[in-house]
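Notes follow the structure.
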Amino acid sequence: MSIFIDRTTRLLVQGITGRDGSFHTRQMLEYGTAVVAGVTPGKGGQAFDAGPAATAPPVPIFNTVADAVEETGANVSVIYVPPVFAADAIMEAAAAGIPLIVCITEGLPVLDMTRVYPFVRDHGARLIGPNCPGLITPGVCKVGIIPGRICAPGPIGLVSRSGTLTYELVDQLTRAGFGQTTCVGIGGDPINGTNFIDCLAAFEADTATTAVVMIGEIGGTDEQDAARYVSLHMSKPVVGFIAGRTAPPGRRMGHAGAIISGATGTAAEKVHAMVEAGIPVGDRPVDVITLLRERVAAVGSAVG
Amino acid sequence: MSIFIDRTTRLLVQGITGRDGSFHTRQMLEYGTAVVAGVTPGKGGQAFDAGPAATAPPVPIFNTVADAVEETGANVSVIYVPPVFAADAIMEAAAAGIPLIVCITEGLPVLDMTRVYPFVRDHGARLIGPNCPGLITPGVCKVGIIPGRICAPGPIGLVSRSGTLTYELVDQLTRAGFGQTTCVGIGGDPINGTNFIDCLAAFEADTATTAVVMIGEIGGTDEQDAARYVSLHMSKPVVGFIAGRTAPPGRRMGHAGAIISGATGTAAEKVHAMVEAGIPVGDRPVDVITLLRERVAAVGSAVG
Amino acid sequence: MNIHEYQAKELLRQAGVPVQPGEVAATPSEAEAIAARFGTAVVIKAQVHAGGRGKAGGVKLAKTPAEARAHAERILGMSIKGLVVSHVLVAQAADIASESYVGIIVDRVSKRPVVMASPAGGIDIEEVAATTPNRIRRVAVDPRYGLQPFEAMQLAFFLYHDVRRARAAARILRQLYDAFIASGASLAEINPLVSTPTGELVAVDAKISIDDNELERHPELAALRDETAEAPSETDARKANLTFIKLEGNVGCVVNGAGLAMATMDLVKYYGGEPANFLDIGGSSNPEKVVNALRIITSDAQVRVILFNIFGGITRTDDVANGIVTAIRQHPLRVPIVIRLTGTNEQEAVRILASAGLSAVTDMDEAVRAAVALVGAESVS
Amino acid sequence: MNIHEYQAKELLRQAGVPVQPGEVAATPSEAEAIAARFGTAVVIKAQVHAGGRGKAGGVKLAKTPAEARAHAERILGMSIKGLVVSHVLVAQAADIASESYVGIIVDRVSKRPVVMASPAGGIDIEEVAATTPNRIRRVAVDPRYGLQPFEAMQLAFFLYHDVRRARAAARILRQLYDAFIASGASLAEINPLVSTPTGELVAVDAKISIDDNELERHPELAALRDETAEAPSETDARKANLTFIKLEGNVGCVVNGAGLAMATMDLVKYYGGEPANFLDIGGSSNPEKVVNALRIITSDAQVRVILFNIFGGITRTDDVANGIVTAIRQHPLRVPIVIRLTGTNEQEAVRILASAGLSAVTDMDEAVRAAVALVGAESVS
């Protein structure tokens, strides 16, 4: 099993004819994802050609998400539109009744997100991102930009605020023989649609997941809240990593959300909260594998 | 028993020092209502004097509803502030956690109400009105401006879109020996917080109410919707009256909501829907008493 | 409050909507001068608060300034549905490839502003709704968020298939929505929204109604009121803070409260009479209001009897009685009066009336029957 | 993006906030002329993006134009926290009865704009929050409705007991909120908001930070950027679309992705090195970006080794390899380089590097250890 996406996922791509949208649509199709529709205003009625190598049929393009949903029954949307249009794209997907919306776009104004967040919630949808790499259920389907070849099916859930750092850890997991149920990048913005707790709860409920890796970074208190949640509500082992131990306070470390404000949001604070909650945290990325091996083995023997 | 207000009602008056607010606060106190607080910005710390004849202690005045609620535990608010401030007053009461808000003020811009309505709902509160006479549970408490002396305790529930027409019918009911559980004026505006169905459902659930009088008027489809509701969900007899049989189409008959648009909202249409749903409708106000007497007697004998 | 086409267009222009160029004229020579300045064919349009002005001859195409003058001469002073035309809009004639409708109302069921679009432009939208409802698309806008770009695009693609015109229409819809909200409107529509042969969109006719309750907040809009476009008695009543609607009957009604006023009219009709008006003196009526009410009612020559129906609550019946007595002293009545009073300070009211030789009843039914009977008796005599 | 006090005040003035009158001067004689024009005592204030300018001597009261000139002479050209003062604000000195703080930030926990008010004005609000938290009141504004009048009044009554000043403060809070939203700010504050002895309120100092992601939408605000107020290398990086933050160490880092960049820095530190910078070349990097990145990094004389850490996903590692080779051909490196590449088109990348005599590793840990060792070896030698 997996969380959020699986064999029933019928994917819509908003911004399918753009540079990033078309490239990644081909990647997702190649991975076997059921991309059922694309949206580009003004190109309704055309079809997106997956390329000569593709075995999938061309993807129909619509002018609006509502049209696309009505015609194709799409139930997940992934967004690759420029940042000033991304808030509208998310709201359009939510209003059209899409239950899971994944926004890859980076650079959304944070005030846009203050309005998008309640809108999505008012419509009963889940947003992942923005400014995130999306998610992948290895061997089944991928939504976003996580490279498929570094993943492998298996029992580990992974949730991360980062992009390439996620790839680094997924790659190490796979090389170490730890396949994944689902890898989710929740994004590095200060306001995002899905947080660590949402994913941890989903992994806890997913029967196929036996342990979880969570990768945090400086800024905010999401990791601290997640740590408290883990200590209260999770039976499965969780191991972690926090990036930004060397980040100076008051500076935005690339991600809009990666900023230490005053004394809050430091790596030390997060590591402390996680360790207190029983989540061992690796000093180096490679340590995560070691910690995971100990914990999974430990749980294995406790159960066995 | 009663609906919405009873012996536990602790009333806050917004605009207590204004002309209408002070007059009606004295009337409500005289009727025995527990008026526990008033709000007038800038007069926080003062006290409202109920007058020489009053037995009640002076009512403390606060600058904000939040302060008043914190200090007095007020659980119902009644609003007598000028129309351009009324939307803010309603939202302030809802944000302060008051579960029942009664807005007497007439003349609220309808666009204000398009924002007030979801705000009140977002805060889990009920709004009665605006542009309404309020409500009264005879012998117990009154919130608003319905004259107390025309009411009497008894088993009839009354709900109306009108003001003085309500008094006319309550007066006739009382003279005919039909006391009331609660009389509610829901107001004559096109967008209001509480509709017929809300009140009918409450009367249906109220064990003390044995029959309901509903008084509608031209404009909109609230009465038609209520008729459908009555036929599906009500066991108690309902009799009705509709004002505006002689109203010309396209003209606003005093109440902002009393307007026939095209072919919808006519008295004939409403009377038809009600009669179809088993709600007899009086041609004259006095006929309502006759109809009620027949129905209550009939029910009485069926039960007896 | 309705405003004129040219005023509505000015509000839309300020909001960024591309509007057909035009100017207002009060005389034929002004119209001629405007047409000459444009140097194109123009349309002369009567500025009145009445539908169907086209059918009534209030809209004419003029190819030359002289023709513009001639049309203006004919239209100015013309009466359309009882309203005299005092101004015409002289607008540049548009090249029309297609006509659409876009409009916004406040919908009482969804409790939201509803934006409507139809490719059946130029036609009365209620007619489209009745005959070909699938030719209208609606979006109920969540006022907490406003009309979103994607919502506007959904409607725009219903009007136009090419993305260029769709984007232009979406922009116009959002500008229309902004103007609607900013002006506290209860209705705002562009009909027709014209697409020219070169694909430009332009608002050729527009209508905006302002919510009367917003006027206090918008003095600049309140100033747009054209009193020549209203019945004089209704203007008079509005200034006296009374709600008054003139009808065709002969029983003049003075009532406190809108619902009771309607019920009173209905009861007049029930007993075979015809109400001359709807008149609500409101909640906290003072004697002056009653004086004004009586003046307005008695200025209607058709009125044969005056019926007061006052249920005192906030309204003090002694105030009403004082008003009646004062008014009658100033201007003795030429028709009989029937007074029903009950409620707050009723005994004092009866005493005041009695001192002026007037009597009152307490029962509504009885009062209405008496008033109708008086008209009957009079018309028989 | 931070803007200067005088720019922030201008935005607030446009929103209706009563702002202390003032003008900007770039020379002592301009400052003197402004002071003479005001004819009152003035305050000369350094315009720099740094806190604590008062303590640094960047704010001075001048009673005469001559004194204004003298203070301006001293302040202009002064360096505050490494930033050179090129402009001063010459502002009319305010009569101060009391000082308050009002400000707005976007709060990531409530996911809303949070409006804060404190009667402890003039003090750093974070200090107030830390020492006397009960002296701050907050309202998390529902962005669907905006800051409501009642919310503003609640905060205003926390600042002032008399209704006149409370109403004025509530108005200012709503204007501040409007300016905050309209300018796409991430922070907007007035500190102090001064109450004069006659009960007027006036904004005496103001700070606004614009969300960088809003600048595309607000070219008029983007134009307010003062590049003299930034470190040149960061300006350079921004123009090259790179995210760069200069640090104190000597291991220059070039990484794709912010999280991986931080993890790389952390690993440098873990192995005993000191990162010279944070640098994210972003997702879809092209060779040119890499060239720019290398130029910026190598312009730092402290850098002793360059460490590339590239995990190819969207980023094609062959693009990065091409960029490295191009850059080195243009400007041969004066320090050693360690390259870690893995992912998309990795083999092609290795071939490109090899053709230029460079080698790469695939393991991050190994690469970082190698880079740190090189610095150690060099410092030993």
Side-chain angles (χ1 to χ4, degrees), chain A residues 19-20 23-24 83-84 106-115 117-119 122 133 145-147 149-150 160-168 171 188 190-191 215 217-222 241-248 251-258 261-263 267 283-286, chain D residues 105-109 111-113 126 129-130 141-144 180-181 184-186 211-214 216-217 243 245 247-249 255-271 274-275 278-280 282-284 309-315 342-344 363-365 368:
Chain A
R19 199 177 58 95
D20 290 346
F23 177 80
H24 289 291
V84 290
E106 179 178 358
L108 265 80
V110 69
L111 286 177
D112 284 14
M113 276 305 298
T114 63
R115 300 172 70 251
Y117 185 84
F119 189 93
D122 287 350
I145 63 176
I146 298 176
R149 56 161 189 82
I150 60 172
S160 169
R161 270 170 73 187
S162 177
T164 45
L165 178 58
T166 307
Y167 310 165
E168 180 71 45
D171 190 46
I191 300 182
I215 304 163
E217 63 188 30
I218 56 161
T221 57
D222 251 28
F241 182 79
I242 297 292
R245 293 170 189 236
T246 51
R251 301 304 302 266
R252 210 158 260 196
M253 303 303 280
H255 289 159
S261 308
D283 287 331
R284 301 171 299 171
V286 68
Chain D
I105 53 155
V106 179
D107 172 49
R108 51 204 293 170
V109 175
K111 302 182 202 296
R112 292 180 170 189
E126 293 201 356
V141 178
D142 188 333
R144 299 175 300 175
F180 179 85
I181 298 293
S186 50
D211 179 354
D212 290 340
N213 294 337
E214 296 266 5
E216 188 181 338
R217 231 178 235 170
T243 311
I245 293 168
L247 299 170
E248 300 306 315
V255 190
N256 67 323
L260 190 60
M262 281 189 276
T264 305
M265 290 159 55
D266 295 351
L267 205 57
V268 166
K269 179 91 173 176
Y270 179 86
Y271 284 118
E274 284 293 340
F278 170 94
L279 194 153
D280 175 10
S284 43
N309 184 11
I310 305 298
F311 200 109
I314 328 172
T315 310
T342 189
T344 314
D363 185 77
M364 171 172 170
D365 216 73
V368 172

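Residue numbers begin at 1 in each chain, while the letters A, B, ... track the order of the sequences.
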> So which part of D/A129 gets closer than 4.5 Å to some heavy atom of chain A, the side chain, the backbone, both or neither?
Replying inline: neither
>> If you apply the rule side chain to side chain donor-acceptor pair (under 3.5 Å), what do you find for D/Y270 with A/R245, and how did you get there?
In response: CA-CA 10 Å; D/Y270 179 86; A/R245 293 170 189 236; over 6 Å; no
> Taking only residues two or more places apart in sequence, or in another chain, which ones meet D/I181 in a side-chain contact (heavy atoms from CB on, under 4.5 Å)?
Replying inline: A/L111, D/Y177
> Is any side-chain N of the basic residue among A/D122 and D/R144 closer than 4.0 Å to the acidic one's carboxylate O?
Replying inline: yes
> When rounded to the nearest 0.5 angstrom, what is the spacing between CD1 in A/I191 and CG in D/D107?
Replying inline: 8.0 Å
> So, for D/G312 and A/P147, which heavy atoms are closest and what is the spacing to 0.1 Å?
Replying inline: O-CG, 4.2 Å
>> Taking side chain as everything from C-beta outward and backbone as N, CA, C, O, which of these in D/V368 sits under 4.5 Å from a heavy atom of chain A? Side chain, backbone, both or neither.
In response: neither
> Which bit of A/Y117 is near chain D, if near means a heavy-atom gap under 4.5 Å: side chain, backbone, both or neither?
Replying inline: side chain
>> If I compare all heavy atoms of A/M253 with all of D/I245, which pair ends up nearest, and what's the gap?
In response: SD-CD1, 3.6 Å
>> Could you measure the distance from the CG atom of A/D112 to the CD atom of D/E214? Nearest 0.5 Å is fine.
In response: 6.0 Å
>> Need one label for D/D365: side chain, backbone, both or neither, based on atoms under 4.5 Å from any heavy atom in chain A.
In response: side chain
> Looking at CG of D/L247 and CZ of A/R251, how far apart are the two atoms once the value is rounded to the nearest 0.5 Å?
Replying inline: 8.5 Å
> So which part of A/I146 gets closer than 4.5 Å to some heavy atom of chain D, the side chain, the backbone, both or neither?
Replying inline: neither
> Side chain, backbone, both or neither: which part of D/A263 has a heavy atom under 4.5 Å from chain A?
Replying inline: both
>> Ignoring hydrogens, what is the shortest heavy-atom contact between A/G254 and D/A258? Give both atom names and the distance.
In response: CA-CB, 3.9 Å
> Is chain D contacted by the side chain of A/I215, its backbone, both, or neither, given a heavy-atom distance below 4.5 Å?
Replying inline: neither
> Side chain, backbone, both or neither: which part of A/P190 has an atom under 4.5 Å from a heavy atom of chain D?
Replying inline: both
>> Is A/P109 close to chain D through its backbone or its side chain, or both, or neither, when contacts mean heavy atoms under 4.5 Å?
In response: both
> Contact part of A/F241 toward chain D, heavy-atom cut-off under 4.5 Å: side chain, backbone, both or neither?
Replying inline: side chain
> So how far is it from A/Y167 OH to D/L260 CG, rounded to the nearest 0.5 Å?
Replying inline: 10.5 Å
>> Has A/T164 got a side-chain atom pairing as donor or acceptor with D/N256's backbone, closer than 3.5 angstrom?
In response: yes
>> Please classify the contact between A/E217 and chain D as side chain, backbone, both or neither, with a heavy-atom cut-off of under 4.5 Å.
In response: side chain
> Considering only heavy atoms, which portion of A/V286 lies under 4.5 Å from any heavy atom of chain D: side chain, backbone, both, or neither?
Replying inline: side chain
> What part of A/S162 gets closer than 4.5 Å to chain D, counting heavy atoms only: side chain, backbone, both or neither?
Replying inline: side chain
> Rounded to the nearest 0.5 Å, how far apart are NE2 of A/H255 and CG of D/D280?
Replying inline: 7.0 Å
> Who among D/M265, D/E216, D/M364, D/M262 has the most heavy-atom pairs with chain A under 4.5 Å?
Replying inline: D/M262
> Mind checking what makes ring-ring contact (aromatic ring centres under 6.0 Å, His included) contact with A/H24, not counting sequence neighbours?
Replying inline: A/Y80
